[in-house]
Engineer: 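I'd like to ask some things about the structure below.
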Amino acid sequence: MSASPDFLLELSRAARGAPESGIVEVVNYGRLKEGLIPLWVGEGDLPTPAFISEAATRGLAAGETFYTWQRGIPELRQAIADYHGRLFARPFSAERFFVTIGGMHAVHIAVGLVVEPGQEVIVPSPTWPNVPAAVELAGGRARILHMDYAATGWTLDIDRLEALIGPATRAILLNSPANPTGWAADEATLKAVLAVARKHGLWIIADEVYGRFSFTGERAASFHDVADEANDRILYVNTFSKNWAMTGWRIGWLEAPPAFGPAIENLVQYTTSGVPGFLQRGALAAIERGEDFIAFQKARVGRALDVMTSALAATNRVSFAKPDGAFYLFLAIDGFDDTRRLALRLIDEAGVGVAPGTAFGPGGERFLRLCLARSESHIATAADRLQDWLRKA
Ligand SMILES: Cc1ncc(COP(=O)(O)O)c(C=O)c1O
């Protein structure tokens, strides 16, 4: 019998080139440690509110188990439009909204709609790694725009953004509020980015999945506040995952010019063929009746931020910029530059699971990301443990 083939050599270039997630390595290492407080993954610890799950269950019981609309059920698209109407105080057409398998699928569709193989997408970094990975998987290239860190806040330099633009540039992907830094673009920055995009005819992919988690206001500033929908080239990525504790449901939405509808329908048809109808019933309940839950989560994350930042600041060993939004604290510990090793040590020595900054692209290497969307007792215990560890280390 001939030797078995080395299957790995037969992987496509895209599959081979897909980066390993630096978070998964740490999670796999610490997953089974007893008593560990996990702050590593980008999700909260609250289950989906019962009224949302019950709506999905009713859909399932009613037999919504067939293929459904590629763009999403009309009721949900209308409800998403109405939700935007409430947030931005003007009407939105349901024709702009497309239901996807989570925000991640919306990112893939957005990239698939406008980026040709070989074209570049500018991505500010530190960044959630899935975004540049989605660009590369589609055959595009992620061009990293380094953001600047100062204890007063992260900043995005518009001149440097413009200097990165070349003949291959097709889009700017802006995630605000940002995972992992917590930076949120103010209106002036959004206007400046939009002006650059308009000048060079670029698309903006606006990842606003944390838009409701703002530490500075009712909601974060959005491209919706500054753009002209009929004429600007903007694709918005959003999700039910964070606002309504639905990460495992895999349901989100893309907002795009209605002219893209048939193309989006095709991209959905040839990837997922749609989002399960009964899950869309749950999403409908969430977006129509989930405001109290968002307010509750937001207040909880705000308290977690206070507890964690005051405990860590008292050690005089950490530096961080207070986040404007999202639900993370991105911090550096003096004297520890190898954050992959540090994250592994914190599992064993402090009993706290954090995500190493090495997972978040250039500029993030010396930081750790802590998720704040956890119970008050978990946050208080994790803060105590990190404080004790820092006093000894
Ligand atoms: C910045 C950002 N965009 C998009 C997503 C996608 O969310 P999901 O695919 O879970 O809906 C996430 C999830 O962590 C995120 O952090």
Side-chain angles (χ1 to χ4, degrees), residues 20-31 33 35-43 124-129 144 146-155 177-183 215 301-393:
E20 241 179 79
S21 160
I23 307 174
V24 171
E25 184 202 2
V26 173
V27 173
N28 284 342
Y29 179 77
R31 191 187 288 284
K33 297 268 177 209
L36 182 106
I37 298 193
L39 306 180
W40 43 34
V41 186
E43 66 181 348
S125 185
T127 171
W128 184 52
I144 295 299
H146 292 262
M147 293 195 61
D148 298 306
Y149 169 75
T152 46
W154 290 83
T155 42
N179 174 6
T181 58
W183 168 80
F215 295 118
V301 169
R303 287 192 296 273
L305 178 66
D306 290 343
V307 169
M308 191 57 86
T309 50
S310 44
L312 294 180
T315 66
N316 290 323
R317 298 277 313 272
V318 299
S319 45
F320 55 82
K322 199 152 185 268
D324 307 310
F327 47 56
Y328 305 104
L329 182 63
F330 203 49
L331 61 95
I333 299 183
D334 298 343
F336 291 93
D337 286 343
D338 182 347
T339 53
R340 183 186 153 274
R341 265 199 58 218
L342 176 58
L344 296 174
R345 273 188 71 183
L346 288 174
I347 290 171
D348 289 328
E349 298 171 22
V352 180
V354 302
T358 42
F360 301 102
E365 297 88 344
R366 65 192 182 86
F367 292 84
L368 300 170
R369 188 193 72 178
L370 277 57
C371 178
L372 299 168
R374 313 289 305 186
S375 74
E376 274 164 60
S377 70
H378 266 188
I379 291 290
T381 309
D384 280 350
R385 288 183 186 178
L386 289 171
Q387 205 179 40
D388 278 355
W389 187 86
L390 280 165
R391 292 213 163 108
K392 290 184 217 130

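Throughout, residue positions are numbered sequentially from 1 according to the sequence presented. Values below: every heavy atom of this structure, side chains too, minus hydrogens, waters and symmetry copies. Since the model is a prediction, treat every value here as computed from it, not as a measurement.
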Engineer: State, to 0.1 Å, how close Trp40 and Ile23 come at their nearest heavy-atom pair, and which atoms those are.
Structural biologist: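 That would be O-CG2, 3.8 Å.
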
Engineer: Would you say the ring centers of Phe330 and Tyr149 fall short of 6.0 Å from each other?
Structural biologist: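 No - the distance between ring centres of Phe330 and Tyr149 does not fall below the 6.0 Å cut-off.
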
Engineer: Could you tell me the separation between the NE2 atom of His146 and the CH2 atom of Trp154, rounded to the nearest 0.5 Å?
Structural biologist: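 The CH2 atom of Trp154 is 11.0 Å from NE2 of His146, to the nearest 0.5 Å.
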
Engineer: Walk me through it: do Arg369 and Asn179 pass the test side-chain contact (heavy atoms from CB on, under 4.5 Å)?
Structural biologist: CA-CA 9 Å; Arg369 188 193 72 178; Asn179 174 6; 2.8 Å; yes

Engineer: What are the two closest heavy atoms between Pro356 and Ala343, and how far apart are they?
Structural biologist: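 Scanning both residues, the minimum pair turns out to be CB-CB, 4.1 Å.
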
Engineer: Identify the two heavy atoms, one from Ala321 and one from Gly153, that lie closest to each other, and give their separation to 0.1 Å.
Structural biologist: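 Between these two residues, the closest heavy atoms are CB-CA, 3.6 Å.
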
Engineer: Distance-only, no hydrogens or angles: does the Arg374 side chain make a donor-acceptor pair with backbone N or O of Ile37 under 3.5 Å?
Structural biologist: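 A pair under 3.5 Å: no.
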
Engineer: Does Leu370 form a side-chain contact (heavy atoms from CB on, under 4.5 Å) with Val352? I'd like the steps, not just the answer.
Structural biologist: CA-CA 10 Å; Leu370 277 57; Val352 180; 5.8 Å; no

Engineer: With Arg340, which residues qualify under side chain to side chain contact (heavy atoms under 4.5 Å, CB included), at least two apart?
Structural biologist: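 Listed in chain order: Glu25, Asp338, Leu344, Thr358.
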
Engineer: Decide yes or no on side-chain contact (heavy atoms from CB on, under 4.5 Å) for Met308 and Leu39, but give the supporting numbers first.
Structural biologist: CA-CA 12 Å; Met308 191 57 86; Leu39 306 180; 3.9 Å; yes

Engineer: Using 0.5 Å steps for rounding, measure from the CG atom of Asn316 to the CG atom of Asp334.
Structural biologist: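 Those atoms lie 9.0 Å apart.
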
Engineer: Which value, rounded to the nearest 0.5 Å, describes the distance between Met147 atom CE and Ser125 atom OG?
Structural biologist: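 Output value for this atom pair is 9.5 Å.
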
Engineer: Using modelled atom types and a 3.5 Å cut-off, is there a donor and acceptor pairing between side-chain atoms of Thr339 and backbone atoms of Glu365?
Structural biologist: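 Flag set: sc Thr339 to bb Glu365 pair under 3.5 Å.
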
Engineer: Are the aromatic rings of Phe336 and Trp389 close, with centres under 6.0 Å apart?
Structural biologist: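 They qualify: ring centres under 6.0 Å apart.
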
Engineer: Mind checking whether Phe215 and Pro323 have side chains closer than 4.5 Å, heavy atoms only?
Structural biologist: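 SC-SC contact between Phe215 and Pro323 confirmed.
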
Engineer: Applying side-chain contact (heavy atoms from CB on, under 4.5 Å), run through Val41 and Cys371 and close with a yes or a no.
Structural biologist: CA-CA 7 Å; Val41 186; Cys371 178; over 6 Å; no

Engineer: Once you round to the nearest 0.5 Å, how far does CZ of Phe320 lie from CG of Leu368?
Structural biologist: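 Rounded to the nearest 0.5 Å, the CZ-CG separation comes out at 12.5 Å.
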
Engineer: Measure the spacing between CG of Leu386 and OG1 of Thr315 and express it to the nearest 0.5 Å.
Structural biologist: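 The OG1 atom of Thr315 is 9.5 Å from CG of Leu386, to the nearest 0.5 Å.
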
Engineer: Output the distance between atom CG (Leu331) and atom OG1 (Thr181), rounded to the nearest 0.5 Å.
Structural biologist: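 One gets 12.5 Å once the value is rounded to the nearest 0.5 Å.
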
Engineer: Any idea which heavy atoms bring Thr309 and Asp306 closest together, and the distance?
Structural biologist: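 Where Thr309 meets Asp306 most closely, the heavy atoms are OG1-O, 3.3 Å.
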
Engineer: With a 3.5 Å distance limit and no angle check, can you tell me whether Gln387 reaches the backbone of Arg385 through a side-chain donor-acceptor pair?
Structural biologist: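 No, Gln387 side chain to Arg385 backbone: no donor-acceptor pair under 3.5 Å.
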
